[in-house]
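Basis for what follows: all heavy atoms, side chains included, without hydrogens, waters or symmetry-related copies. Note that the structure is a prediction, hence the values are computed from the model and not measured. Numbers here simply count residues along the sequence, with the first being 1.
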Amino acid sequence: QVQLVESGGGLVQAGGSLRLSCATSVRTFSTYTMGWFRQAPGKDRDFVAAINWGGTSTYYTDSVKGRFTISRDNTKNAVYLQMNNLAPEDTAAYYCAASTAAYRGRNPSFYDYWGQGTQVTVSS
């Protein structure tokens with residue numbers, strides 16, 4: 001069983017920044033596609049960003065392009081989401097996800113393992 005643990009969420013003013021981290025102890029971390037999703041109350045879980053196993057390819061939803069950056073450190077078994085210029089519409093619970101397959105798209109069903117989430121709240 002793969003366990004993912006997110007951290008770094010919090011309350012920030014609009015225009016501010018946060019860096020989310022996701023750690024796992026799985027030995028084969030470097031073979032996983034990693035993603036970040038978010039879910040606001042009453043809404044579906046939406047794709048935010050993903051990164052391939054080697055960190056050479058990244059994918060973003062349009063609304064975060066130029067503001068968010070996904071990265072990974074395979075030596076630390078960790079993936080990160082740097083979020084800059086945050087806006088109130090970014091408010092959501094953010095989830096880390098892992099897929100044993102190569103990147104297939106934005107559907108949450110493509111991911112095999114999920115963290116418990118970390119809350120990000122952006123005040124106006």
S.K.: What's the spacing between Arg19 CZ and Asn84 CG if we round to 0.5 Å?
M.R.: 11.0 Å

S.K.: List the steps, then state whether side-chain contact (heavy atoms from CB on, under 4.5 Å) holds for Gln13 with Leu86.
M.R.: CA-CA 8 Å; Gln13 290 187 331; Leu86 283 159; over 6 Å; no

S.K.: Determine whether a donor-acceptor pair (N or O, by modelled atom type, separation under 3.5 Å) exists between the side chain of Asp44 and the backbone of Asp46.
M.R.: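 No.
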
S.K.: Quick one, Arg106 with Val48, criterion side-chain contact (heavy atoms from CB on, under 4.5 Å). Give me CA distance, side-chain angles, the key distance, then yes/no.
M.R.: CA-CA 8 Å; Arg106 306 177 177 204; Val48 176; over 6 Å; no

S.K.: More than 12 non-hydrogen atoms from neighbouring residues, nucleotides or ligands closer than 6.0 Å to CD on Gln119, yes or no?
M.R.: yes

S.K.: Charged N to carboxylate O below 4.0 Å: is that the case for Arg67 and Asp90?
M.R.: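 The answer is yes: the pair qualifies as a salt bridge.
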
S.K.: Any chance you could measure Ser57, atom OG, to Ile51, atom CD1, to the nearest 0.5 Å?
M.R.: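 If I round to the nearest 0.5 Å, the distance is 8.5 Å.
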
S.K.: Within a strict 4.5 Å, meaning less than it, do heavy atoms of the Arg27 and Asn77 side chains meet?
M.R.: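 When only atoms from C-beta onward are counted, Asn77 and Arg27 do not touch, as no gap falls below 4.5 Å.
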
S.K.: Measuring only between side-chain heavy atoms, which start at C-beta, is Ser21 closer than 4.5 Å to Glu6?
M.R.: no

S.K.: By the rule that ILVMFWY residues connect when side-chain heavy atoms come within less than 4.5 angstrom, directly or transitively, which residues belong alongside Trp53?
M.R.: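 Members besides Trp53: none; it forms no cluster.
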
S.K.: Linking I/L/V/M/F/W/Y whenever any side-chain heavy atoms sit under 4.5 Å apart, do Ile70 and Phe47 land together?
M.R.: no

S.K.: Passes side-chain contact (heavy atoms from CB on, under 4.5 Å), Val12 versus Thr121? Steps please.
M.R.: CA-CA 6 Å; Val12 64; Thr121 302; over 6 Å; no

S.K.: Please list all pairs meeting ring pair (Phe, Tyr, Trp, His ring centres under 6.0 Å) that have one or both residues in residues 64-98, counting only residues at least two apart or in different chains.
M.R.: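 Listed once each, the pairs would be none.
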
S.K.: Show the numbers, then the answer: is there a side-chain contact (heavy atoms from CB on, under 4.5 Å) between Met83 and Ser17?
M.R.: CA-CA 5 Å; Met83 306 186 295; Ser17 297; over 6 Å; no

S.K.: Can a donor-acceptor pair be found between the side chains of Thr33 and Asn52 at a distance below 3.5 Å?
M.R.: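 Their side chains do not contain a donor-acceptor pair, so the 3.5 Å distance test is not met.
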
S.K.: Under 3.5 Å, which donor-acceptor pairs link side chains of residues 107-118 to any protein atom two or more places apart or in another chain?
M.R.:
from, atom 1, to, atom 2, distance (Å)
Asn107, OD1, Ser109, N, 2.9
Asn107, OD1, Ser109, OG, 2.9
Asp112, OD2, Thr100, N, 2.8
Asp112, OD2, Thr100, OG1, 3.1
Thr118, OG1, Gly9, N, 3.2

S.K.: Holding to ring-ring contact (aromatic ring centres under 6.0 Å, His included), I want the full list of residues that pass it with Tyr60, two or more places apart in sequence or in another chain.
M.R.: none

S.K.: According to the disulfide (SG to SG under 2.5 Å) rule, which pairs have a member within residues 68-124, sequence neighbours left out?
M.R.: Cys22-Cys96

S.K.: Do Glu89 and Thr91 come within less than 4.5 Å of each other through their side chains, counting heavy atoms only?
M.R.: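 Counting from C-beta outward, Glu89 and Thr91 never come under 4.5 Å.
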
S.K.: Once rounded to the nearest 0.5 Å, what's the spacing between atom CG of Leu4 and atom CE of Met34?
M.R.: 5.0 Å

S.K.: Are side-chain heavy atoms of Thr69 and Leu81 found at a separation under 4.5 Å?
M.R.: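 No, side chains not in contact.
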
S.K.: Find the distance between OG1 (Thr61) and CH2 (Trp36) and round it off to the nearest 0.5 Å.
M.R.: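 Answer for the OG1-CH2 pair, Thr61 versus Trp36, is 16.0 Å.
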
S.K.: Do Val2 and Thr28 touch side chain to side chain, with heavy atoms closer than 4.5 Å?
M.R.: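 No; the side chains remain at least 4.5 Å from each other.
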
S.K.: Can you name the closest pair of heavy atoms from Pro88 and Ser123 and give their distance?
M.R.: CG-C, 4.5 Å

S.K.: Hydrophobic cluster membership, with links at side-chain heavy-atom distances under 4.5 Å among I/L/V/M/F/W/Y: are Val79 and Val26 in one?
M.R.: yes

S.K.: Identify, with sequence neighbours excluded, every residue that meets salt bridge (Lys or Arg N to Asp or Glu O under 4.0 Å) alongside Arg72.
M.R.: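 Arg72: no salt bridge (Lys or Arg N to Asp or Glu O under 4.0 Å) contacts found.
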
